[in-house]
Every structure is written in structure tokens, then in C-alpha cells.
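Have a look at the structure below, then the notes.
One-based numbering along the sequence shown. Remember, it's a predicted structure, so these values are computed and weren't measured experimentally. Both ligands and their constituent atoms are indexed starting at 1 by order of listing.
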Amino acid sequence: MSKRPRRKKVKRSSRSRDRQRRQQLTREVRELYPAASETGDDWHAELDLTSEDRRSATKAGPATTTPGSASGAPAARAPVDGEADAGDRRGRVVAVVSGACTVDRDGESVDCVLPSELARDQRSAIAVGDLVTFSAHRDGVHRIVEVLPRRTILSRPDPLNPRLERVIAANIDVAVHVASVVDPPLKPALIDRYLIAIDRGGAEAVICVNKVDLLADETERRRQLEPLDAYRPLVPAILATSAVSGEGLEALAVALAGKTAVVVGHSGVGKSSLLNALDPDLDAATAETAGGKGRHTTTRSSLYRLAGGARVIDTPGVREFGLWRLTPRELSAYFPDFDTPAASCRFSDCSHSHEPDCGVRAAVEAGVLDRGRFETYLRILASIKAER
Ligand code: GDP
Ligand code: ZN
């Protein structure tokens with residue numbers, strides 16, 4: 001893909017506007033909520049507010065949550081003194097930073113500070129995609145009043161503190177897991193983990209295997225895409241795409257049409273390139289457009305509105321995808337392809353790891369059940385046991 005110097009220029013000017021808004025908002029937050037600016041996050045590094053150039057795109061770090069609040073919305077708050085009107089201002093969060101967020105209200109971007117009780121607990125309280133109500137305070141500052149109940153979420157444990165749940169996106173209909181072939185190669189174990197996380201959060205899963213243009217011929221294509229066969233009965237939408245040749249883009253557009261989607265996957269698989277290919281006006285940052293040396297550059301979650309009307313949350317690449325507070329029993333429920341062979345395990349509570357007469361292990365040995373899936377299952381099971 002070629003560089004786009006014109007767009008880079010636009011980005012620079014929007015960045016300086018963003019910086020001014022950031023400084024202004026920082027001052028407002030500090031004045032109103034001294035505690036909110038001491039939550040430990042790097043406020044300046046994280047805040048990167050909406051560019052007017054984009055329709056409704058914003059970039060910011062994903063919000064995180066603490067255990068126990070995964071899918072429920074934080075409690076509503078009664079209006080406080082000084083609130084001009086709590087009204088019925090509603091919108092969708094398109095960016096969250098320490099102590100503040102940006103809300104899209106009918107196409108207009110509104111910067112809102114978080115009340116102290118939300119700011120204190122924002123690792124659990126608010127995420128990109130959340131529907132919120134907000135008020136205009138007497139001093140002209142908008143403030144979040146309430147986070148509405150979440151329909152779905154996509155979350156994972158905080159890599160630095162696995163006891164904290166990090167909500168990647170809220171209220172998504174579809175979660176698209178983008179993988180690639182060749183560069184980087186397909187990693188089915190990562191698909192397994194994403195599928196569990198997607199399923200748990202209530203969204204519909206789409207697997208998108210990108211860069212198929214790099215497959216030299218039909219034999220190579222068959223060989224490299226063969227590991228996907230195990231997933232076909234589990235995920236109806238498995239797409240082979242190429243942001244370069246355009247293959248599969250129409251199918252991807254159909255899968256996203258009219259929906260709110262989150263796009264997840266390892267960095268460098270082509271998430272931003274796919275979004276740019278779906279909507280050339282989007283200008284999501286890819287390795288090239290940011291002038292990087294092949295380095296991944298999507299460092300903040302962003303909510304974009306595509307030309308076709310879909311809302312898409314682009315996320316930073318995820319190297320590890322842990323699973324938050326999963327019990328061994330729950331784990332087996334996410335491997336429905338094990339159900340039939342598990343019926344012939346000697347023990348009804350067989351964990352399929354060490355028990356004698358295990359139907360699942362027998363099915364793997366007989367080549368009826370995918371060995372890769374089984375190995376992922378064992379690895380996740382071991383990690384759950386180690387955590388306890
Ligand atoms: P992201 O980190 O997932 O957002 O990935 P990017 O969109 O930044 O793409 C990473 C690299 O892969 C860039 O060098 C892209 O030009 C390249 N790339 C993306 N999609 C494709 C594709 O379909 N085919 C090929 N050959 N390269 C691609
Ligand atoms: Zn068993």
C-alpha cells in the first residue's frame with residue numbers, strides 16, 4: 001500500500017487541535033475532580049480526542065473494569081448540585097481516557113468528564129461503545145450522568161493485573177477476529193481464545209483470515225487454510241480476505257452492515273488496512289500511513305462510522321489474549337465440538353486431561369477431533385488451574 005502524504009498533513013493539523021482540546025479538558029478535569037487525575041493512568045499519553053476530519057472517529061486507550069462489573073452497568077447517580085440539566089442527552093462513548101471520555105451524540109462529539117465515583121472506578125465503569133447519558137454542568141462542562149446497561153461486551157484480563165477485567169468494547173453486535181496467513185502466520189490457538197471471549201461477552205463471532213493474496217497457489221491456499229476446517233461448524237462466518245486484492249471485502253461489508261462491530265486480532269494482521277479498504281475515507285492508521293518501519297501503530301481503541309453505516313471499533317493489537325475468571329466447567333462449555341466424544345468418557349465430570357477411558361482423547365487419537373483445539377483446551381485448563 002502506498003503512502004498518503006496529503007492525509008498525513010491533515011492528521012498533523014488535527015493532532016495539534018486535539019492537543020489543545022486535551023490540555024483544556026485536562027485543566028477542567030483537574031479543577032473539578034482532583035482525584036480523577038491521579039488514577040495512575042498517563043492522562044496525556046492516553047487522551048487523543050476526536051479529529052473533526054473524521055466522521056466520528058476517536059482514539060483512546062480502552063477502558064477497563066474490575067471484577068464483578070463485567071456486563072452490568074455501573075449504578076445510576078442522582079443529579080448533584082450545580083447540574084444544569086440531566087436532560088435526555090444520550091450518546092455513545094467513542095473514547096475513554098483517565099477521568100474523561102468523548103461521546104458521540106447524533107454525529108456530534110462531546111467531551112465529558114467522569115464524575116468522581118466513575119473516574120475512581122473507570123477500569124470497570126466505562127468503555128468504548130457504552131451508551132451514556134450526560135448533563136451540561138453550570139460551568140459549561142459536560143459530565144457523564146449514567147452508563148446504561150450493556151447488551152454485550154468483549155473483555156480480557158488486564159495484562160499487568162489479571163485480577164482486573166479490561167473491557168475492550170461494549171454493546172457490540174459482532175466481534176471480528178482478524179487473523180492472517182504467512183505474515184504473521186495463522187495461529188489457531190489465538191482463534192480459540194478469541195472465540196471463547198467473544199462467546200462469553202454475548203457478541204456474534206466472525207473470523208476473518210486476511211492476506212490470502214500471499215498464498216502462492218491453490219495447493220498452498222488449501223494447505224494454509226486447512227486448520228480453519230475445525231471452526232466451520234462453530235462459526236458460520238469465516239471469511240478469507242485481502243486488503244490488497246480486495247478478495248472477501250464484500251462479504252466482510254455484508255457481515256458488518258448495520259451493526260456495531262469490534263475488530264480484534266494480533267498486530268500486523270491488517271485490521272486497519274481492511275477498514276481502510278472498506279471505506280477509503282476512513283484513514284485508520286496503518287503501519288505505512290504513520291511512516292513506521294512495518295511497526296504496528298494502532299495504539300488506541302477507536303470507534304469509526306463506516307460509509308455503509310456500520311460502526312466499527314478498531315482495537316490495539318493484542319499479543320496475548322487471556323481469559324478472565326474462567327472455571328474449568330465453563331471452559332468445556334466453550335468447546336461444543338467436544339460434546340459428542342465426551343459422552344463416552346468414563347466419568348461424567350471428566351476433564352479430558354488425565355482420566356482413564358476419555359472419549360475426547362480417544363477422538364483426538366482417532367483423528368475425529370481437531371488436535372489443535374484439544375491442545376488449546378489443555379493449555380487453557382492448565383492456566384486456569386495454575387491461577388487458583
Ligand atoms: P493492523 O496492525 O492489524 O492494523 O495491521 P495493518 O493494517 O497496519 O497492516 C500491517 C501490514 O500488513 C502493513 O504492512 C499492510 O500493508 C500489510 N497488509 C494488510 N493487509 C494486507 C493484505 O491483505 N495483504 C498483504 N499482502 N498485506 C497486507
Ligand atoms: Zn474425557
Side-chain angles (χ1 to χ4, degrees), residues 1-4 7 57 59 176-187 190 194 208-216 220-221 224-225 239-252 262-280 282-302 304 312-319 321 328-329 331-332 335 337-366 368-369 373-374 377-378 381:
M1 207 185 279
S2 60
K3 289 189 183 181
R4 299 184 213 173
R7 289 220 170 103
K59 298 206 146 202
V176 183
H177 172 216
V178 183
S180 66
V181 284
V182 184
D183 176 29
L186 194 60
K187 294 186 189 70
L190 203 56
Y194 273 110
C208 177
V209 180
N210 192 38
K211 305 199 186 184
V212 291
D213 58 283
L214 297 178
L215 298 171
E220 184 63 3
R221 185 181 172 114
Q224 299 255 5
L225 298 184
L239 314 174
T241 60
S242 167
V244 171
S245 75
E247 178 178 343
L249 293 183
E250 218 172 290
L252 181 57
V262 62
V263 179
V264 290
H266 202 287
S267 56
V269 293
K271 297 182 294 296
S272 302
S273 303
L274 282 173
L275 293 179
N276 286 334
L278 285 179
D279 183 349
L282 196 61
D283 202 17
T286 63
E288 284 87 349
T289 55
K293 300 174 185 69
R295 211 165 53 87
H296 178 77
T297 51
T298 307
T299 53
R300 312 265 182 263
S301 286
S302 332
Y304 302 93
V312 175
I313 300 170
D314 187 14
T315 58
V318 177
R319 199 166 288 279
F321 202 90
R329 188 174 286 276
L331 176 65
S332 353
F335 285 80
D337 38 342
F338 291 11
D339 287 355
T340 306
S344 49
C345 292
R346 186 202 292 183
F347 303 106
S348 61
D349 62 348
C350 183
S351 73
H352 323 306
S353 57
H354 60 277
E355 296 87 342
D357 297 329
C358 170
V360 170
R361 282 208 311 281
V364 173
E365 291 313 321
V368 189
L369 193 62
R373 294 261 302 153
F374 180 62
Y377 165 85
L378 288 183
L381 183 67

Response to the item:
One finds that the ligand 1 atoms under 4.0 Å from a non-hydrogen atom of N210 are 20 (N), 21 (C), 22 (C), 23 (O)
Practice prompt. Quick one: closest heavy-atom pair of S272 and D314, and the distance?
Written response: OG-OD2, 3.4 Å
Worksheet item: What angle sits at the Zn ion (ligand 2) between SG of C358 and ND1 of H352, to 10°?
Response: 110°
Worksheet item: Considering only heavy atoms from C-beta outward, does the side chain of P341 approach that of V368 to under 4.5 Å?
Response: no
Worksheet item: Between atom CG of D349 and atom CZ of R329, what is the distance when rounded to the nearest 0.5 Å?
Response: 7.0 Å
Worksheet item: In terms of ring plane angle, is the pair Y377 and F338 parallel, tilted or perpendicular, where the classes change at 30° and 60°?
Response: perpendicular
Practice prompt. Begin from the C-alpha positions of Q224 and L186 and carry the test side-chain contact (heavy atoms from CB on, under 4.5 Å) through to its verdict.
Written response: CA-CA 8 Å; Q224 299 255 5; L186 194 60; 5.6 Å; no
Practice prompt. Give yes or no for whether the N/O distance cutoff of 3.5 Å, strictly under, is met between S267 and ligand 1.
Written response: no
Worksheet item: With side chains defined as the heavy atoms from C-beta onward, is the minimum distance between C350 and V360 less than 4.5 Å?
Response: no
Worksheet item: Angle at the Zn ion (ligand 2) between SG of C345 and SG of C350, to 10°?
Response: 110°
Item to complete: Check ligand 1 against S273 and write out every atom of the ligand that is under 4.0 Å from a heavy-atom position of the residue.
Response: 6 (P), 7 (O), 9 (O), 15 (C), 19 (C), 20 (N)
Worksheet item: Has ligand 1 got any nitrogen or oxygen that is less than 3.5 angstrom from a nitrogen or oxygen of T241?
Response: no
Discussion item. For a 4.5 angstrom cut-off between non-hydrogen side-chain atoms, does D213 reach E247?
Written reply: no
Item to complete: Can you sort out which atoms of ligand 1 are near A243, meaning under 4.0 Å from one of its heavy atoms?
Response: 20 (N), 22 (C), 23 (O)
Discussion item. Regarding ligand 1, does L214 bring an N or O atom to under 3.5 Å of one of the ligand's N or O atoms?
Written reply: no
Worksheet item: Just heavy atoms, cut-off under 4.0 Å: does V244 contact ligand 1 by side chain, backbone, both, or neither?
Response: both
Fill in: L215 and L225, any side-chain heavy atoms less than 4.5 Å apart
yes
Discussion item. Please classify the D213 to ligand 1 contact at 4.0 Å (heavy-atom distances, strictly less than): side chain, backbone, both or neither.
Written reply: side chain
Worksheet item: Any idea which atoms of ligand 1 are less than 4.0 Å away from a heavy-atom of S242?
Response: 23 (O)
